[in-house]
There are 2 protein chains.
Amino acid sequence: MADVAEKAGVSRALVSIVFRNQAGAGQETRERVLRVADEIGYRPDSAARLLARGRSRTLGVMFTVQQTFHTDLITGIYPEAERLGYDVLLSGATHGRSEAKAVEALLSHRCEAVILLGPDSEPAFLDELGQRTVAVSVSRRVPRARVDFVHSAEGKGVRQAMDHLVELGHRRIVHIDGGRGPGAAERRRAYRAAMRRHGLQAEARVIPGHHTEESGIEAGRLLLAERDGGRPLPTAVLAGNDRCAMGLLMAVTRAGVEVPRDLSVVGYDDSHLSHLMPVGLTTVRQDALLMAEHAVRFAVERLEEREREPREAVLDPKLVVRGTSGPVPAGPGPA
Amino acid sequence: MADVAEKAGVSRALVSIVFRNQAGAGQETRERVLRVADEIGYRPDSAARLLARGRSRTLGVMFTVQQTFHTDLITGIYPEAERLGYDVLLSGATHGRSEAKAVEALLSHRCEAVILLGPDSEPAFLDELGQRTVAVSVSRRVPRARVDFVHSAEGKGVRQAMDHLVELGHRRIVHIDGGRGPGAAERRRAYRAAMRRHGLQAEARVIPGHHTEESGIEAGRLLLAERDGGRPLPTAVLAGNDRCAMGLLMAVTRAGVEVPRDLSVVGYDDSHLSHLMPVGLTTVRQDALLMAEHAVRFAVERLEEREREPREAVLDPKLVVRGTSGPVPAGPGPA
DNA sequence: GCGCGCTACTAGCGCGCTCTAGTTCGAGTA
DNA sequence: TACTCGAACTAGAGCGCGCTAGTAGCGCGC
């Protein structure tokens with residue numbers, strides 16, 4: 001920085017002003033400073049900057065490396081953070097790297113706030129985190145913890161999906177749930193409620209799973225095995241999320257089941273895969289961009305106004321009907 | 001820190017020593033300092049620490065948010081970096097966020113080295129980056145740039161896959177390529193060479209694509225449309241990577257093509273999806289963990305021994321035969 | 001002529017830590 | 001006793017910035 005200042009014939013302070021895009025520097029000088037900086041290859045040291053101003057203006061994002069919906073969210077987080085003048089640091093949780101560890105890394109890099117994508121940690125941990133810093137949880141509700149919360153109205157989404165299926169004449173509708181995954185409990189509950197509301201409680205069936213392709217494949221195998229054992233296939237499946245739906249589709253189409261003729265499948269998320277399929281996946285759309293924007297805004301607003309109470313944003317999901325759902329088979333199922 | 005020092009009755013320097021776990025402090029004092037720090041809730045400020053010691057011991061990783069193989073790599077990078085005492089910062093490139101921007105973010109956070117996963121930038125940019133800092137490119141070869149390079153021997157992988165297919169009796173083998181994607185050029189070349197070697201140059205056909213599901217779906221549609229127009233389907237397809245293979249599978253199985261009876265499909269990467277499928281994807285395995293380890297080691301070793309020349313690691317890929325490849329159809333194809 | 005306000009710029013302190021070059025002190029040695 | 005030596009500890013400079021308080025210069029009105 002001193003080099004730049006000297007070479008441009010100004011003081012260090014002025015270089016600082018130019019780089020912070022602050023008023024107080026002439027247009028000509030500004031350009032000269034930037035040009036010299038570029039020549040030298042100078043770039044402000046964020047550590048020093050951070051130290052000097054006491055704020056890092058950095059948002060930490062914890063995500064699960066393999067979760068495709070998270071990548072959709074991240075895509076939305078970057079631009080919104082940039083718009084508000086914040087930097088973004090990513091930290092992934094993987095098999096060998098717990099969420100706590102990932103968060104710790106973010107904090108030790110002085111992130112001012114932490115955005116947790118579908119966290120799977122104990123509520124106590126999240127609450128403690130919320131006390132220590134500004135935290136936002138996306139997709140997972142944390143009852144009385146001091147964290148902001150962004151999610152979509154799972155109940156509404158599931159209801160739309162179920163109404164759609166019932167309208168198409170389906171009665172044997174199975175739900176593959178997402179276990180302890182974010183939003184899974186709410187979806188499961190909404191599924192049960194919808195079955196009841198439609199007078200189908202006798203048909204209700206939840207196959208335990210989680211939010212992965214693997215889980216969908218397993219469930220598919222289970223259903224196929226049952227079919228071979230004499231129990232008819234359900235006519236429709238509400239999957240825990242899109243990945244699960246994809247797994248299920250792979251499993252059943254491979255076995256000759258035709259979708260949606262023999263079986264309707266509805267996913268959840270509308271992750272970028274869903275619309276790619278030749279006959280797109282019918283799914284409940286969670287607007288990842290909007291969720292990301294809310295998460296960032298919540299974090300930033302709590303940061304700027306420290307005493308503010310944590311808030312909750314509930315976004316309306318929307319059923320997107322594509323090619324994997326259709327009317328119930330006319331004759332008896334392919335039992 | 002000053003508070004801790006005062007309350008523990010020692011100097012700030014001593015506190016520093018204790019927190020760096022350095023020799024030069026008595027056992028008793030050490031414990032006292034730690035206890036006091038815990039009471040006060042003191043944790044060292046990594047920004048200041050970083051500034052003061054001039055080294056961040058942080059590795060930056062640039063990746064493409066949607067690329068599943070990258071997530072496999074990241075999973076391997078974390079533990080290796082931790083083992084060597086380095087921190088990891090992630091920065092994703094997305095639609096609205098160029099690779100240059102992602103790298104810029106890493107550098108301004110004082111990453112000492114940058115690991116680029118399948119970078120798509122101009123060689124000139126990469127070379128410049130390599131001059132400025134320690135850089136490692138994974139999957140993409142950058143001819144005479146000052147960067148380390150980790151990749152798998154694409155040629156060998158493709159050759160194994162092709163030999164496998166030819167052995168199964170295939171002759172009409174189509175390659176959906178990966179465009180400018182990492183490794184794509186090498187794979188394309190190796191495909192052509194293999195066709196030639198087996199005396200099938202007349203049958204060689206490359207369908208332009210890229211490393212996404214979308215691309216596989218498009219290629220699938222194209223092939224199906226051609227079939228409907230009278231041109232027989234190929235009997236086997238070598239996809240540019242697993243995602244592409246998955247897209248292709250979705251497209252063709254949906255249209256009633258049975259894999260591998262009517263069509264054999266071979267992927268590339270062995271990303272975590274491949275083994276999940278009910279009848280797993282036959283693919284060329286790139287050992288993501290091993291690649292990640294090499295990348296981290298290259299970066300760290302160049303960091304510790306600054307004058308060291310960039311190196312290249314070529315890992316042997318391995319064909320993994322699963323369920324999507326089989327003998328060529330007995331009768332005439334399903335034309 | 002003076003004060004005024006404005007823009008363009010600068011001096012220099014301090015952020016919280018690390019690190020070098022010390023000082024102190026008690027035990028060991030001749 | 002007089003010394004050496006190492007372990008335990010400290011003083012204080014400096015890392016690269018941001019920021020506050022200030023100065024210089026200039027056009028303005030009266």
Side-chain angles (χ1 to χ4, degrees), chain A residues 1-38 40-58 85-87 107-112 133 303-304, chain B residues 1-38 40-58 85-87 104-112 132-133:
Chain A
M1 179 163 176
D3 296 349
V4 175
E6 192 183 348
K7 204 165 169 205
V10 294
S11 68
R12 293 188 313 105
L14 194 33
V15 176
S16 170
I17 286 174
V18 170
F19 270 89
R20 278 175 294 135
N21 238 323
Q22 213 200 21
Q27 189 53 38
E28 195 186 331
T29 323
R30 206 173 279 272
E31 280 163 16
R32 182 157 34 92
V33 168
L34 288 176
R35 188 159 33 76
V36 169
D38 193 49
I40 296 189
Y42 164 81
R43 123 202 357 281
D45 179 331
S46 70
R49 173 174 263 180
L50 194 159
L51 181 60
R53 80 178 148 200
R55 289 201 50 184
S56 66
R57 295 192 76 80
T58 297
Y86 280 77
D87 230 7
L107 290 180
S108 90
H109 278 275
R110 278 300 183 262
C111 289
E112 298 183 32
T133 182
L303 241 26
E304 325 245 276
Chain B
M1 180 162 175
D3 295 351
V4 175
E6 192 183 349
K7 204 164 170 206
V10 295
S11 68
R12 293 186 312 106
L14 216 292
V15 176
S16 171
I17 286 174
V18 170
F19 269 89
R20 280 175 292 135
N21 235 326
Q22 213 200 20
Q27 188 54 37
E28 196 187 331
T29 323
R30 206 174 279 272
E31 278 164 18
R32 183 156 33 92
V33 168
L34 288 176
R35 187 158 34 76
V36 170
D38 193 49
I40 295 189
Y42 164 83
R43 31 201 353 305
D45 180 330
S46 69
R49 171 174 267 180
L50 194 160
L51 180 61
R53 80 178 145 201
R55 286 202 55 182
S56 65
R57 294 191 76 81
T58 297
Y86 280 76
D87 231 6
E104 208 56 42
L106 291 175
L107 291 181
S108 90
H109 277 275
R110 278 299 183 262
C111 289
E112 298 183 33
R132 215 163 69 187
T133 182

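- Residue B:N21 contributes atom CG, which lies 15 Å from atom C1' of C:dT18 at whole-angstrom precision.
- Note: CG (B:L50) to P (C:dC17) measures 13 Å, nearest angstrom.
- Note that CG of A:L34 and CD of A:E31 are 8.0 Å apart. Values are rounded to the nearest 0.5 Å.
- In this structure, A:L14 places its CG atom 12 Å from P of D:dG18, rounding to the nearest Å.
- Shortest non-hydrogen contact noted between A:T29 and A:L14 is CG2-CD2, 4.1 Å.
- Scanning both residues, B:R12 and B:M1, for their nearest heavy atoms gives O-CE, 3.0 Å.
- Across all their heavy atoms, B:R49 and B:F19 have their closest contact at NH2-O, 3.8 Å.
- Shortest non-hydrogen contact noted between A:V33 and A:V4 is O-CG1, 4.0 Å.
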Close N/O contacts between protein and nucleotides 12-16 of chain D (under 3.5 Å):
from: D:dC15; atom 1: O2; to: B:A52; atom 2: N; distance (Å): 3.4
from: D:dG16; atom 1: N2; to: A:A48; atom 2: O; distance (Å): 3.4

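- In this entry the distance linking CD of B:Q22 with P of D:dA8 reads 12 Å, nearest Å.
- Consecutive pairing runs in DNA chain C reach the stem threshold at C:1-30 with D:1-30, where a stem means at least three Watson-Crick or G-U wobble pairs with distances under 3.5 Å.
- The side chain of A:S16 places an N or O atom within less than 4.0 Å of a non-bridging phosphate oxygen (OP1 or OP2) of D:dG18.
- The distance from atom CD1 of A:I17 to atom P of C:dT10 is 9 Å, rounded to the nearest whole Å.
- Of all non-hydrogen atoms in A:A48 and B:L51, the two that sit nearest each other are CB-CD1, 3.6 Å.
- Counting only distance, with no hydrogens or angles, the side chain of A:R57 and the backbone of A:G85 share a donor-acceptor pair below 3.5 Å.
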Checklist entry - Hey, mind stepping through A:N21 and A:R30 against side-chain contact (heavy atoms from CB on, under 4.5 Å) and telling me if it holds? => result CA-CA 9 Å; A:N21 238 323; A:R30 206 173 279 272; 4.0 Å; yes
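- How far NZ of A:K7 is from CD1 of A:I40: 5.0 Å, rounded to the nearest 0.5 Å.
- Contacts of residues 23-37 of chain A with DNA chain D (heavy atom under 4.0 Å): none.
- No donor-acceptor pair closer than 3.5 Å links the side chain of A:S11 to the backbone N or O of A:A5.
- With values rounded to the nearest 0.5 angstrom, A:T58 atom OG1 is found 6.5 Å from A:L50 atom CG.
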